[in-house]
Amino acid sequence: MLDPIQVRKRAEEEIKRADNLQRLFEIKAKYLGKEGLITLALKGIKDIPQENRKEYGSQINTLKEVIENLLREKESELKEREISRKLSQDWVDMSIPLEPLVGTLHPLTQTLSKIKEIFVSMGFSIFEGPEIELEAYNFDLLNIPKEHPARDMQDTFYLNMDGYLLRTHTSPAQIRVMLSQKPPIQVIAPGKVYRRDDDPTHSPMFHQVEGLVVNEYANFRHMKYTIETFLRTFFEKEVPVRFRASYFPFTEPSAEVDIGCIICHGMGCRVCKGSGWLEVMGCGMVHPSVLENCQIDTDIYQGFAFGMGVERLSMLYFGIDNIRLFYENDLRFLRQFL
Ligand code: DAH
């Protein structure tokens, strides 16, 4: 049996003398913890002779409340003391002038905004498709059937979910737009794309901007004009542009677009690998099968499409020679794009 009066005195004394929170927690454990004096005393009540049990039990319970209250009061006192100590020590001199805080937009963000701005000024609207895409939209409906070699051209990240993948290009956004909107259509679809690719000019994740125009009269000249105007506005000069016959399953005819090397101005250098030209995007007239896959009447409508790599354009515009630099967030790099 424990003597409530004695214990109370001792606890009061100890709590009074505690001068930090650590010590206070030790005291709390000593009395109220699992093996604490009060806890054990409460457990022992059942062994007290019947005639004393009630009286003793109520004394211990009162004692418990008293100690709890004392601990609580002391705790808030100590906490307050700690706060005022901190306030008096860690003060801030508001009169010291700050180094200028300069936040900047990431070069890729700057490039993307510029691309969007140019196309919006030409009457395009902006559509965003998902990065987790249906295999059917990424390939099949774009006229790339299962055994088509073009599926291997883009090393795909397949997902465990059947029928889904990480989109390998923004072209499936074309399908989503055509399935949900009626012509005339004039959209760009910017976003992240994923491929199993990793070297100084390729990253497993990068950005593309897709373009799609569908109406009753869209033709190759409209496409050429649109792309040339975009490129000259983007590079802020009269860059030479050429369209080179190429192949994409979802366009016919297809072309790749080159600009005169902006590093060597066509003389031939490391960046253009001596050719004087730099490839910047793919394009073409939307393949009739793709229009039909989206229930668009090919007797009435035709369209053109294009797709460009944002990192590539950004690297050429800013003169960046390694794609990794975009993703490392090294301040020495980022600070150059004020
Ligand atoms: N999707 C192609 C790629 O990722 C780029 C492309 C080519 C997009 C031609 C187009 C196009 O819209 O018409 O390589």
Side-chain angles (χ1 to χ4, degrees), residues 115 119 122 124 126-131 133-145 148-157 165-179 183 185-197 201-215 218-228 230-231 241-259 278-291 293-294 296 301-313 323:
I115 296 172
F119 280 110
M122 292 200 273
F124 283 72
I126 297 175
F127 177 90
E128 278 189 50
E131 290 166 34
E133 184 54 280
L134 285 161
E135 192 173 347
Y137 290 3
N138 194 84
F139 290 130
D140 303 73
L141 294 186
L142 283 168
N143 208 26
I144 316 176
H148 199 287
R151 288 219 181 181
D152 311 330
M153 275 162 50
Q154 307 181 348
D155 279 320
T156 308
F157 286 109
L165 41 69
L166 292 181
R167 66 177 174 193
T168 58
H169 52 176
T170 42
S171 301
Q174 290 188 34
I175 303 295
R176 289 184 176 269
V177 170
M178 289 191 281
L179 287 177
I185 288 168
Q186 188 156 328
V187 296
I188 56 163
K192 292 187 168 75
V193 300
Y194 301 84
R195 291 185 198 175
R196 301 166 64 114
D197 231 350
T201 51
H202 295 92
S203 146
M205 182 284 299
F206 61 103
H207 299 75
Q208 287 188 334
V209 173
E210 191 78 12
L212 176 70
V213 173
V214 181
N215 56 38
N219 63 35
F220 204 94
R221 283 185 303 144
H222 296 146
M223 177 177 81
K224 202 161 171 272
Y225 172 80
T226 306
I227 291 174
E228 282 173 356
F230 164 73
L231 287 171
V241 179
R242 78 174 181 189
F243 287 71
R244 188 163 35 78
S246 184
Y247 170 75
F248 297 101
F250 34 90
T251 44
E252 182 58 34
S254 304
E256 276 169 299
V257 185
D258 297 339
I259 56 167
L278 297 163
E279 186 198 318
V280 289
M281 69 175 95
C283 64
M285 300 305 297
V286 181
H287 196 295
S289 309
V290 175
L291 295 172
N293 288 341
C294 301
I296 290 183
Y301 296 109
Q302 46 198 13
F304 64 83
F306 51 88
M308 61 191 92
V310 180
E311 278 78 354
R312 172 127 179 104
L313 285 174
I323 198 169

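Model, not experiment: these values are computed from the prediction. Atoms within a ligand are numbered from 1 in the order they appear, just like the ligands themselves.
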Chemist: Can you tell which of Ser246, Gly282, Gly303 gets a heavy atom nearest to atom 9 (C) of ligand 1?
Modeler: Gly282
Chemist: Do Val214 and Gln174 touch side chain to side chain, with heavy atoms closer than 4.5 Å?
Modeler: no
Chemist: Applying side chain to side chain donor-acceptor pair (under 3.5 Å), can you list everything that pairs with Gln208, at least two apart in sequence or on another chain?
Modeler: Thr170
Chemist: Does only the side chain of Phe250 get under 4.0 Å from ligand 1, or the backbone, or both, or neither? Count heavy atoms.
Modeler: side chain
Chemist: Going by side chain to side chain donor-acceptor pair (under 3.5 Å), name the residues that satisfy it together with Asp197, two or more places apart in sequence or in a different chain.
Modeler: none
Chemist: Out of curiosity, is Glu256 lining ligand 1, as in a heavy atom under 4.0 Å away?
Modeler: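 No, Glu256 has no heavy atom closer than 4.0 Å to ligand 1.
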Chemist: Gln174 heavy atoms, cut-off 4.0 Å: which ligand 1 atoms fall inside?
Modeler: 12 (O)
Chemist: Of all the heavy atoms in Met281, does at least one lie under 4.0 Å from an atom in ligand 1?
Modeler: no
Chemist: Please compare Met308, Glu210, Arg195 and report which has the shortest non-hydrogen distance to atom 14 (O) of ligand 1.
Modeler: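 Looking at heavy atoms only, the winner is Arg195.
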Chemist: With distance as the sole test, does Glu311 use its side chain to make a donor-acceptor pair with the main-chain N or O of His207 at under 3.5 Å?
Modeler: yes
Chemist: Check ligand 1 against Gly284 and write out every atom of the ligand that is under 4.0 Å from a heavy-atom position of the residue.
Modeler: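 Those atoms are 13 (O).
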Chemist: Return yes if some donor-acceptor pair links the side-chain N/O of Asn143 with the main-chain N/O of Phe250 below 3.5 Å, else return no.
Modeler: no
Chemist: What distance do Phe304 atom CZ and Ile227 atom CD1 have between them, rounded to the nearest 0.5 Å?
Modeler: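 Rounded to the nearest 0.5 Å, the CZ-CD1 separation comes to 7.0 Å.
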Chemist: Could you tell me which atoms of ligand 1, counted from 1 in the order shown, lie closer than 4.0 angstrom to a heavy atom of Thr251?
Modeler: 13 (O)
Chemist: Under a 4.0 Å heavy-atom limit, does Cys283 contact ligand 1 with its side chain, its backbone, both, or neither?
Modeler: backbone
Chemist: So, does Glu133 use its side chain to make a donor-acceptor pair with the main chain of His169 at under 3.5 Å?
Modeler: no
Chemist: Please identify which atoms of ligand 1 are closer than 4.0 Å to at least one heavy atom of Phe248.
Modeler: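 Those of ligand 1 that fall under 4.0 Å from Phe248 are 7 (C), 9 (C).
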Chemist: Does Thr168 reach ligand 1 with a nitrogen or oxygen that is under 3.5 Å from one of the ligand's nitrogen or oxygen atoms?
Modeler: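 In fact, backbone or side chain, Thr168 has no N or O that close.
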Chemist: Provide the number and element of each atom of ligand 1 under 4.0 Å from a heavy atom of Ala305.
Modeler: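 Atoms satisfying the 4.0 Å criterion: 12 (O), 13 (O).
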Chemist: Keeping the roles fixed (side chain from Asn138, backbone from Leu134), state whether a donor-acceptor pair exists under 3.5 Å.
Modeler: no
Chemist: Going by the atom numbers of ligand 1, which of them fall below 4.0 Å from some non-hydrogen atom of Gln208?
Modeler: 3 (C), 4 (O)
Chemist: Rounded to the nearest 0.5 Å, what separation is found between the CZ atom of Arg195 and the OG atom of Ser203?
Modeler: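 Spacing of CZ (Arg195) from OG (Ser203) equals 11.0 Å.
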Chemist: What atoms of ligand 1 come closer than 4.0 angstrom to any heavy atom of Ser171?
Modeler: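 Contacts of ligand 1 toward Ser171, numbered from 1: 1 (N), 8 (C).
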